[in-house]
Amino acid sequence: MDRIPILKMGPFLLVTIQVDLYDRLALSLENDLITMVSNTGARGVLIDISAVNIVDSFMGRILGNIASMSRIMDAETVVVGMQPAVAITLVELGLTLQGVHTALNVEKGMDLLYDKTDLLTTQQQEENEEELDDYND
């Protein structure tokens with residue numbers, strides 16, 4: 001059975017969907033992601049759908065479910081890379097993707113996750129440490 005890889009990046013999980021999802025694969029991804037959030041204590045999930053050409057109502061519901069379950073487990077969900085045709089389809093289907101934050105690309109999505117979780121990026125931590133060192137000198 002096919003699986004979508006889930007990568008841990010610091011406090012977040014990264015999923016890059018490179019294939020069109022069929023129902024069983026989408027359900028497997030939902031289960032795997034929630035299990036990974038639980039096992040790792042991840043504070044956020046970033047889902048890159050830039051390679052996905054079709055999102056139907058089932059896939060929209062799966063994204064909403066992932067966001068809802070992640071939120072209950074204290075993790076935010078950001079979907080990035082949505083193609084214009086996918087956005088048009090979601091609007092025409094009337095899907096609002098409640099609880100799902102969206103961003104244009106992975107970089108902006110990671111920034112959004114840091115903002116939503118009140119975590120500092122590595123660069124921000126280094127700047128704070130430098131300021132503290134300067135203050136102590």
How close do [X] and [Y] get, counting heavy atoms only, and between which atoms?
{"X": "G99", "Y": "A67", "value": "O-CB, 3.5 Å"}
{"X": "V78", "Y": "G109", "value": "CG1-CA, 3.9 Å"}
{"X": "A75", "Y": "V37", "value": "CB-CG1, 4.1 Å"}
{"X": "L95", "Y": "S57", "value": "CD1-CA, 3.7 Å"}
{"X": "L113", "Y": "G44", "value": "CD2-CA, 3.9 Å"}

Nearest 0.5 angstrom please: [X] [atom1] to [Y] [atom2], how far?
{"X": "I62", "Y": "E30", "atom1": "CD1", "atom2": "CD", "result": "4.0 Å"}
{"X": "M59", "Y": "L93", "atom1": "CE", "atom2": "CG", "result": "13.0 Å"}
{"X": "Q18", "Y": "S50", "atom1": "CD", "atom2": "OG", "result": "6.5 Å"}
{"X": "H101", "Y": "L112", "atom1": "NE2", "atom2": "CG", "result": "6.5 Å"}
{"X": "D115", "Y": "E76", "atom1": "CG", "atom2": "CD", "result": "11.0 Å"}
{"X": "Q83", "Y": "I88", "atom1": "CD", "atom2": "CD1", "result": "11.0 Å"}

Answer yes if [X] and [Y] sit in the same cluster of Ile, Leu, Val, Met, Phe, Trp and Tyr residues linked by side chain heavy atoms under 4.5 Å apart, and no otherwise.
{"X": "V80", "Y": "M9", "answer": "yes"}
{"X": "V15", "Y": "F58", "answer": "yes"}
{"X": "L46", "Y": "L104", "answer": "no"}
{"X": "I6", "Y": "V19", "answer": "yes"}
{"X": "I72", "Y": "V100", "answer": "no"}

Measure the shortest side-chain to side-chain distance between [X] and [Y] over non-hydrogen atoms and say whether it is less than 4.5 angstrom.
{"X": "V79", "Y": "L97", "value": "no"}
{"X": "L90", "Y": "M82", "value": "yes"}
{"X": "D2", "Y": "Y22", "value": "yes"}
{"X": "N105", "Y": "K108", "value": "yes"}
{"X": "L7", "Y": "L13", "value": "no"}
{"X": "R43", "Y": "D74", "value": "yes"}
{"X": "L29", "Y": "R24", "value": "no"}
{"X": "V52", "Y": "V55", "value": "yes"}

message: Check whether S38 reaches the backbone of I34 with its side chain - one donor and one acceptor, N or O, closer than 3.5 Å.
response: no
- request: Show the numbers, then the answer: is there a side-chain contact (heavy atoms from CB on, under 4.5 Å) between N31 and L27?
  value: CA-CA 6 Å; N31 186 50; L27 287 170; over 6 Å; no
- request: Please determine which of L21, D32, I47, L33 meets the side-chain contact (heavy atoms from CB on, under 4.5 Å) test together with I4.
  value: L21
query: Do you see a donor-acceptor pair shorter than 3.5 Å between the side chains of S28 and R3?
result: yes
